Enquirer: 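Below: one structure in structure tokens.
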Amino acid sequence: MTHIAFIGVGNMGGPMARNLLKASERVTAFDLSAEALEPLVGAGAAKASTVNDAVKDADVVITMLPAGQHVRSVYLDNGILGAGKKGALLIDSSTIDVDSARAVHAAAEKAGFDFLDAPVSGGTGGAEAGTLAFMCGGSEKAFGRAQPVLEKMGKRIVHAGGPGAGQAAKICNNMLLAISMIGTCEAFVLGEKLGLDPQKLFDIMSAASGQCWSLTTYCPVPGPVPASPANRAYSGGFATALMLKDLKLSQTAAQSAGAVTPLGAEAAQLYSLFANQGRANVDFSGIIEMLRGIR
Ligand code: NAD
């Protein structure tokens, strides 16, 4: 039985930690919110009163926090890197900016810890079902140590490269997804204006060179793909607010690395506009309604 400290047990961290308990691991949890912490304690986790209290005897530490500033604050600033058990493996599964991930990597290495950035895709459904995809950045050694732990919470565990590579892979993928979704929506809106039947247009594009995941798996119009959020008024799925967060991270990274991403920038603007219309909680494919001019 591995002793795992879990810091940040909200919508994602809560079910992830529950899957570790189900796999008979020993979990000590900490969260600033008692509301987030209590259900996990009810499921068998030990409750810690501070971050440092949670990590002091743990063999593995997993963090699942909102943003880079929270991750920096729990690892640096007399946090986990000072209080963690010697030789512990540290894994950050939050989605954060690449620069913060690399800063924590460097500090962890200096303090003698193996550290992995391991953001996820799969959402709360994947967290509950234990089917998350983990994109990992760090040394071969850290990845090898983390794999058996991550396998208890996910189905696809990929080593993307060195420090920060997991975060980099995640924002590149989500930037492409946002761009391809907007393109797919525009094609359907144009087709509608030209009098085309959406099902016919789907049948043609899905077997032609416009084929992509946003079209064939996550179709933004109701009908052709019964499981897509379009069939339930764009509820559930991947919230616009989370897509916008990832797009903003991609633009910060592009600026920092000197990459030119004009379509990524445009996608960030369009999703900001959509979120500002009070649609932040709507699935990101719902942006088709804004493109049609419908609120
Ligand atoms: P959440 O807000 O539900 O959970 C975050 C938790 O961290 C909260 O319970 C909060 O109290 C806690 N927290 C904040 N600062 C803390 C600190 N200093 N010490 C201890 N606890 C602290 O968010 P979430 O939806 O679970 O997302 C977590 C991360 O996962 C984010 O980076 C998000 O982008 C990423 N993510 C979320 C989804 C999703 O569908 N929700 C999907 C993929 C990735």
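In listed order, ligands and their atoms are each counted from 1. Note that this is a predicted model, so its numbers are computed, not measured.
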Enquirer: Number the atoms of ligand 1 from 1 as they appear, then name those within less than 4.0 Å of a heavy atom of Gly8, with their elements.
Expert: 7 (O)
Enquirer: Does Ile96 approach ligand 1 within less than 4.0 angstrom via side chain, backbone, both or neither, non-hydrogen atoms only?
Expert: neither
Enquirer: Note the single closest protein heavy atom to atom 30 (O) of ligand 1, along with its residue, its atom name and the distance in Å.
Expert: Met64 CE, 3.1 Å
Enquirer: Can any side-chain N or O of Asn19 pair as donor or acceptor with the backbone N or O of Ala127 at less than 3.5 Å?
Expert: yes
Enquirer: Quiz question: by atom type and distance under 3.5 Å, do the side chains of His70 and Ser94 form a donor-acceptor pair?
Expert: no
Enquirer: Mark yes when over 12 heavy atoms from residues, nucleotides or ligands other than Lys152 sit less than 6.0 Å from its NZ; otherwise mark no.
Expert: yes
Enquirer: Using a distance threshold of 4.0 Å (strictly less than), state whether atom 23 (O) of ligand 1 has a protein heavy-atom neighbour.
Expert: no
Enquirer: Side chains of Thr63 and Asp92: any donor to acceptor distance under 3.5 Å?
Expert: yes
Enquirer: Could you list which atoms of ligand 1 come closer than 4.0 Å to a heavy atom of Lys170?
Expert: 43 (C), 44 (C)
Enquirer: List every atom of ligand 1 that sits less than 4.0 Å from any heavy atom of Ser94, numbering the atoms from 1 in the order shown and giving each element.
Expert: 32 (O)
Enquirer: Testing the 3.5 Å rule here: is there a donor-acceptor pair between the side chains of His105 and Asp117?
Expert: yes
Enquirer: Heavy-atom contacts with Phe30 under 4.0 Å: which atoms of ligand 1 show up? List them by number with element.
Expert: 19 (N), 20 (C)
Enquirer: Ser73 versus ligand 1: do any nitrogen or oxygen atoms come within less than 3.5 Å of each other?
Expert: no
Enquirer: Check ligand 1 against Gly123 and write out every atom of the ligand that is under 4.0 Å from a heavy-atom position of the residue.
Expert: 40 (O), 42 (C)
Enquirer: Check each heavy atom of Met16 against ligand 1 and say whether those closer than 4.0 Å belong to the side chain, the backbone, both or neither.
Expert: neither
Enquirer: Pairs of nitrogen or oxygen atoms closer than 3.5 Å, one from Phe238 and one from ligand 1: do any exist?
Expert: no
Enquirer: Distance under 4.0 Å to a non-hydrogen atom of Ala36: what atoms of ligand 1 satisfy this?
Expert: 9 (O)
Enquirer: Tell me if the CZ atom of Arg26 is crowded by more than 12 foreign heavy atoms within 6.0 Å.
Expert: no
Enquirer: Which residue owns the protein heavy atom closest to atom 27 (O) of ligand 1, what's the atom, and how far is it?
Expert: Met12 CG, 4.0 Å
Enquirer: List the closest protein heavy-atom neighbour of atom 35 (C) of ligand 1: residue, atom name, distance to the nearest 0.1 Å.
Expert: Thr95 OG1, 3.6 Å
Enquirer: Quiz question: by atom type and distance under 3.5 Å, do the side chains of Arg72 and Ser100 form a donor-acceptor pair?
Expert: yes
Enquirer: Determine whether the side chains of Thr95 and Gln167 contain a donor N or O and an acceptor N or O closer than 3.5 Å.
Expert: no
Enquirer: Looking only at protein heavy atoms, which one is nearest to atom 25 (O) of ligand 1, and how far off is it?
Expert: Asn11 CB, 3.6 Å
Enquirer: Under 6.0 Å between ring centres, would you say that holds for Tyr75 and Phe115?
Expert: yes
Enquirer: Among all protein non-hydrogen atoms, which one is nearest to atom 29 (C) of ligand 1, and what is the separation to 0.1 Å?
Expert: Leu65 O, 3.4 Å
Enquirer: Under 3.5 Å, is there a donor on one side chain and an acceptor on the other for Asp99 and Ser256?
Expert: yes
Enquirer: Quick one: does ligand 1 sit under 4.0 Å from the side chain of Asp246, the backbone, both or neither, non-hydrogen atoms only?
Expert: neither
Enquirer: Within a distance under 4.0 Å of any heavy atom of Ser33, pick out the atoms of ligand 1 and give their elements.
Expert: 11 (O)
Enquirer: After noting the C-alpha distance and the side-chain angles of Thr240 and Asp283, does the key distance pass the side chain to side chain donor-acceptor pair (under 3.5 Å) rule?
Expert: CA-CA 6 Å; Thr240 289; Asp283 179 76; over 6 Å; no
Enquirer: Please answer whether the main-chain N or O of Ile4 pairs with a side-chain N or O of Thr2 as donor and acceptor at a distance below 3.5 Å.
Expert: no
Enquirer: Mind checking whether Ala67 has an N or O less than 3.5 Å away from an N or O of ligand 1?
Expert: no
Enquirer: Looking only at the side chains, is there a donor atom on one of Tyr218 and Thr184 sitting less than 3.5 Å from an acceptor on the other?
Expert: no
Enquirer: Got the closest protein heavy atom to atom 8 (C) of ligand 1, with its distance?
Expert: Asp31 OD2, 3.6 Å
Enquirer: Can you report which non-hydrogen protein atom sits closest to atom 21 (N) of ligand 1, along with the distance?
Expert: Leu32 N, 3.4 Å
Enquirer: Where is the nearest protein heavy atom to atom 34 (O) of ligand 1: which residue, which atom, and how far?
Expert: Lys245 NZ, 2.8 Å
Enquirer: Has the side chain of Asn173 got a donor or acceptor atom that lies under 3.5 Å from a matching backbone atom of Ala169?
Expert: no
Enquirer: Does the protein place a non-hydrogen atom closer than 4.0 angstrom to atom 3 (O) of ligand 1?
Expert: yes
Enquirer: Once you restrict to heavy atoms under 4.0 Å, what part of Pro66 touches ligand 1? Side chain, backbone, both or neither.
Expert: both
